[in-house]
Enquirer: 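Sending over a structure as structure tokens; questions will come in a sec.
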Amino acid sequence: MKAWMIAWKDTLVRFRDVNGLLFMLAAPLLITAIIGSAFGNFFGGRSELPIRDIPFLIVDGDNSEASQQLIELFTADATLSELLATTVMADLAAAQRLVMTGQARAVLYIPAGFGLQVQGDAAAAGATLELYLDAAANITPNIIRGIVGRVAAGYSTALISVDVGVAQVLDDAAAYGPALAGLQPVVQEQVDQITSQRGRQQISLRQVVEGQEQADNSFNPASFFGPSMAIFFLLYTVMEGTRSILTEEQEGTLPRLLTTPTRPQTILLGKMGGVFLSGVLQFTVLLVASRLLFNMDWGDSPLGILLLVLVFVAAATSLGMFIAAFARNNVQANIIGSAIILISGVLGGNFTTTLNFPDWLLTFSKLTLNYWGLEGFSDLTWRGLGLAAILPKLGALSLFALIAFTLATWRFQKRLNR
Amino acid sequence: MSTIIEVHNLEKQYAPAAEKAVKGISFNIEQGEIFSLLGPNGAGKTTTISMISCLLSPTAGDAIVAGHSITKAPMKVKQSIGVVPQEIALYDSISAQENLLFWGRMYGLSGSKLHERVQATLKISGLEDRAGDKVKTFSGGMKRRLNIAVGLLHEPQVLYMDEPTVGIDPQSRRRILDTVKELNGQGLTVLYTTHYMEEAEELSNRIGIIDHGQLIALGTQAELTQMVGRFDTITVQMDGVMAGEQLLAGVGQLPGVHQADGSVAQLILQTQDAKQLLPQLLNWTDGQGLRLRGVEIQAPNLEAVFLHLTGHGLRD
Ligand SMILES: Nc1ncnc2c1ncn2[C@@H]1O[C@H](COP(=O)(O)OP(=O)(O)OP(=O)(O)O)[C@@H](O)[C@H]1O
Ligand SMILES: [Mg+2]
């Protein structure tokens with residue numbers, strides 16, 4: 001009961017502080033809005049994501065005039081050769097390995113017989129191209145899919161069938177840059193022609209995703225940076241909140257609390273509870289505000305979001321308590337805390353996503369709360385996954401929370417009983 | 001009268017290598033009295049109060065407060081005492097009333113009792129009309145009064161006040177001293193620490209003089225001044241050049257000088273009869289080419305007692 005009173009008092013103190021509130025609520029919303037509109041699609045704005053030179057392989061298993069023509073389409077076009085760094089290889093297995101190891105993003109395989117199928121009598125049987133995509137990457141496969149679809153369509157207006165909705169893919173791709181957006185009218189025209197000649201659609205593009213199949217949801221900058229900024233600023237709030245125990249120690253209210261008939265454990269619990277409470281409140285306000293102001297999509301699993309918010313705030317609170325417990329004073333805790341927030345912000349992918357991080361860097365990412373939190377939110381939001389998908393992330397966060405909490409309380413008990 | 005606090009050989013050593021901040025202090029406080037600990041900065045007043053508030057654990061010794069040991073039953077002790085810390089310990093960004101409500105709850109009050117006590121302490125501290133204002137808008141004196149009010153919320157048997165008048169204007173100080181006397185008149189036992197001799201003299205039934213972690217004298221004001229009872233103190237301020245040793249040796253020769261301390265800037269003499277000594281003193285200093293700036297004669301007081309016991313003044 002007393003712990004609750006202490007928690008409530010802290011919440012009261014915190015929400016009276018106008019500057020603090022601005023930092024807690026206004027700043028993350030503003031930054032989400034700025035980043036979101038710079039990258040993506042709030043307010044209907046679309047601009048360029050600096051993606052270029054995507055490593056792309058073509059394996060020509062046909063070696064016909066037709067296949068040569070198709071390859072030329074990829075390499076001759078100036079825009080395309082800027083977007084794709086295309087290499088032609090002979091060995092399909094080798095090319096696939098490059099995709100698996102992340103050295104290339106996709107392989108387009110032109111199977112033997114392609115030329116005959118396109119030109120000859122066998123045309124009626126339909127021609128097939130195979131596209132192998134990198135499952136670990138999230139943005140580039142969508143772009144490649146769009147480009148290949150467009151090129152295949154351009155190759156022969158009469159002989160095309162692409163089993164991905166071409167218009168849909170281009171629409172997605174357009175989100176990533178004006179270069180791609182410019183392709184749209186051309187392709188649209190072709191697609192219209194195809195549709196009018198429906199009976200003759202004969203090249204089919206078969207997609208094969210390498211590795212584990214991913215939910216077919218494209219990366220969305222807005223729904224990434226919303227949670228990302230919420231997490232980043234939440235850490236600041238939480239660090240400041242947990243530091244308040246050191247402030248109270250310095251300003252004498254903590255010693256005074258210890259002269260009242262209140263147990264040290266109760267005081268600690270109350271202080272942590274207060275930080276947790278404001279953290280959850282902050283996250284909830286950000287969530288609701290971003291939904292209302294920017295129409296941001298927080299996914300289809302309210303329970304998942306709720307659990308993730310609670311567990312993430314608990315983990316962040318424990319981390320803050322841990323730092324406060326071992327820091328000599330407020331100033332030191334502030335320096336250590338800020339450094340940890342920045343470093344784990346960068347490592348955890350708050351600013352860049354970890355999508356294109358190499359493996360060695362990901363190892364470090366996994367040591368941050370930010371990584372697990374962001375992965376969880378990404379699962380629920382733009383990846384469109386459910387509660388089951390985030391269970392491992394919840395587990396990792398809970399483990400962090402437990403370890404930091406245990407060490408922090410152990411240390412504080414010693415510190416308070418002088 | 002019964003004893004409400006018994007302090008037995010309390011010691012505190014902050015760090016293994018450090019000198020002890022409190023070196024085995026013992027005293028009793030009787031129910032209903034105002035007991036002062038008088039001592040200069042760093043004497044160990046706050047350390048002593050912190051130990052008998054169960055905030056610091058003693059390195060050695062024990063104390064019984066309202067029948068409970070500070071080492072064995074700290075929660076029971078905490079329930080019986082009100083503590084007014086030396087440094088103002090309040091939450092700045094919430095109102096006076098919110099502070100009192102919060103601290104009242106920490107003392108275990110709730111419901112109508114809580115609200116009743118909040119009103120009562122607001123009244124005692126004269127802050128009723130500022131109850132809803134944030135503490136950070138308060139003057140130093142108002143904060144001091146609220147700081148005291150918090151210690152009174154749960155109607156403690158003993159109130160510890162650690163230098164409650166430090167750094168405030170004379171008016172606020174007057175008000176606080178009157179409040180202490182009034183509360184004591186209603187039966188509250190008070191442990192008061194100060195380095196102002198006048199406060200200890202005005203308030204206390206009994207006074208403990210503390211210096212360098214030791215209690216060097218204990219008694220009523222009358223008992224203490226009797227220790228130096230035969231001597232007046234003459235404080236002389238002069239301009240001129242003369243080595244301290246030479247000066248002290250010189251005035252020491254004058255008839256009736258019991259003790260001499262200080263320098264040309266401030267010379268402190270103990271004498272049996274100041275009126276007799278003064279003309280001869282002035283004669284002598286004149287002869288040495290020292291010019292007089294001020295003279296003060298004081299009948300025996302706690303300052304003189306302190307000087308007598310320690311050889312140095314209460315204030316540096
Ligand atoms: N937390 C601490 N750690 C180490 N030493 C301390 C600590 N607090 C006090 N001391 C030392 O203990 C001695 C007594 O200090 P204390 O604060 O009890 O004196 P005080 O009589 O209250 O002085 P003041 O009138 O300045 O408040 C001093 O030498 C001080 O430096
Ligand atoms: Mg002190």
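Predicted model, so just to flag it, every value in this text is computed and none were measured. Letters A, B, ... mirror the listed sequences (proteins, then strands); counts begin at 1.
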Enquirer: Is chain A contacted by the side chain of B:N147, its backbone, both, or neither, given a heavy-atom distance below 4.5 Å?
Expert: both
Enquirer: Evaluate whether atom NZ of B:K76 has more than 12 neighbouring non-hydrogen atoms of other residues, nucleotides or ligands under 6.0 angstrom away.
Expert: no
Enquirer: What residue, out of A:I6, A:T253, A:L258, A:L12, has the most heavy-atom pairs lying under 4.5 Å from chain B?
Expert: A:T253
Enquirer: What's the shortest heavy-atom distance between A:R256 and B:V83, and which atoms?
Expert: NH2-O, 3.0 Å
Enquirer: Counting only heavy atoms from other residues, nucleotides and ligands, does the tally under 6.0 Å from CZ of A:R415 exceed 12?
Expert: yes
Enquirer: Quick check on B:E19: does its CD atom have over 12 non-hydrogen neighbours (other residues, nucleotides or ligands) under 6.0 Å away?
Expert: no
Enquirer: Please determine, among B:M75, B:H154, B:M106, the option with the most heavy-atom pairs under 4.5 Å with chain A.
Expert: B:M106
Enquirer: With a 6.0 Å cut-off (strictly less than), is the heavy-atom count around CH2 of A:W298, excluding the residue itself, greater than 12?
Expert: yes
Enquirer: For B:V77, is it the side chain, the backbone, both, or neither that has a heavy atom closer than 4.5 Å to a heavy atom of chain A?
Expert: neither
Enquirer: Heavy-atom cut-off 4.5 Å, strictly under: side chain, backbone, both or neither for B:I88 against chain A?
Expert: backbone
Enquirer: Nearest heavy-atom pair of B:L55 and A:P255: which atoms, and what distance?
Expert: CD1-O, 3.5 Å
Enquirer: Begin from the C-alpha positions of A:T262 and B:K78 and carry the test side chain to side chain contact (heavy atoms under 4.5 Å, CB included) through to its verdict.
Expert: CA-CA 9 Å; A:T262 310; B:K78 289 176 185 184; over 6 Å; no
Enquirer: Assess whether side chain to side chain donor-acceptor pair (under 3.5 Å) is satisfied between A:E251 and B:Y91, documenting all intermediate values.
Expert: CA-CA 9 Å; A:E251 292 184 349; B:Y91 298 103; over 6 Å; no
Enquirer: Which bit of B:K134 is near chain A, if near means a heavy-atom gap under 4.5 Å: side chain, backbone, both or neither?
Expert: side chain
Enquirer: Does A:F405 have more than 12 heavy atoms from other residues, nucleotides or ligands lying within 6.0 Å of its CZ?
Expert: no
Enquirer: Would you name the heavy atoms of B:A89 and A:G252 that are closest together and state the gap between them?
Expert: CB-O, 3.4 Å
Enquirer: Using heavy-atom distances under 4.5 Å, tell me whether A:L257 contacts chain B through its side chain, its backbone, both, or neither.
Expert: both
Enquirer: What I'd like to find out is whether the side chain of A:R16 reaches to under 4.5 Å of the side chain of B:E98, using heavy atoms alone.
Expert: yes
Enquirer: Return the NZ to CZ distance between A:K2 and B:R105, rounded to the nearest 0.5 Å.
Expert: 12.0 Å
Enquirer: So for A:L254, is it side chain, backbone, both, or neither that comes closer than 4.5 Å to the heavy atoms of chain B?
Expert: neither
Enquirer: Of the backbone (N, CA, C, O) and the side chain (C-beta and beyond), which part of B:Q79 lies under 4.5 Å from a heavy atom of chain A, both, or neither?
Expert: both
Enquirer: To the nearest 0.5 Å, what is the distance between CG (B:L56) and OG1 (A:T259)?
Expert: 11.5 Å
Enquirer: Heavy-atom distance under 4.5 Å to chain A: side chain of B:Y107, backbone, both or neither?
Expert: both
